[in-house]
Amino acid sequence: AGVMLAFLLGSPMDIKPLFVSKANTAIQIFLISVVMGALAFTLQIDGLVVVLVYCTGALTVLSAFAYLQQWTRHVAEG
């Protein structure tokens, strides 16, 4: 939405993935793999899943703030 808004305001921006977003994607994939593995092999690893869910949530929030900060800087510059 921010990229579209910048475009409509006449200030298009380049889309570049940030490290925090790449880390977020990696931990999301790992979380999915762990949950699917636990279900497939009936493993009791609820503690690990909870930790991964919180890590994924934290990285998602950090990623959103990082992109918001990047967008804000871009819009302020021009």
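Everything quoted here is computed from the prediction, not taken from an experiment. Hydrogens, waters and symmetry mates are skipped; everything else that's a heavy atom, side chains included, is used. Along the sequence shown, residues are numbered consecutively beginning with 1.
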Looking at residues at least two apart in the chain, or sitting in another chain, which of them share a side-chain hydrogen bond (donor to acceptor under 3.5 Å, both in side chains) with T60? N24
Does L59 offer a backbone N or O that forms a donor-acceptor pair with the side chain of S63 under 3.5 Å? no
Indicate, with yes or no, if F30 and V35 share a hydrophobic cluster defined by side-chain heavy-atom contacts under 4.5 Å among Ile, Leu, Val, Met, Phe, Trp and Tyr. yes
Might you point out which heavy atoms bring H74 and S11 nearest each other, and give the distance in Å? NE2-O, 2.7 Å
What distance separates F19 CZ from L62 CG, expressed to the nearest 0.5 Å? 12.0 Å
When rounded to the nearest 0.5 Å, the distance separating CE of M4 from CE of M13 is 13.0 Å
When rounded to the nearest 0.5 angstrom, what is the spacing between CG in L52 and CD1 in I32? 11.0 Å
Mind checking whether L39 and V49 sit in one hydrophobic cluster, side chains of I, L, V, M, F, W, Y counted as touching below 4.5 Å? yes
Nearest non-hydrogen partners of I27 and C55, listed with the distance: CD1-CB, 3.5 Å
Which atom of W71 lies closest to which atom of L5, heavy atoms considered: CZ2-CD2, 3.6 Å
Those residues that, when tested against L18, pass side chain to side chain contact (heavy atoms under 4.5 Å, CB included) (two or more places apart): V20, S21, A66, Y67, Q70
Looking at L9, I'd like to know if its CG atom is crowded, meaning that more than 12 non-hydrogen atoms belonging to other residues, nucleotides or ligands lie closer than 6.0 Å. yes
Applying a strict under-4.5 Å side-chain criterion to I, L, V, M, F, W and Y, I'd like to know whether I29 and V34 cluster together. no
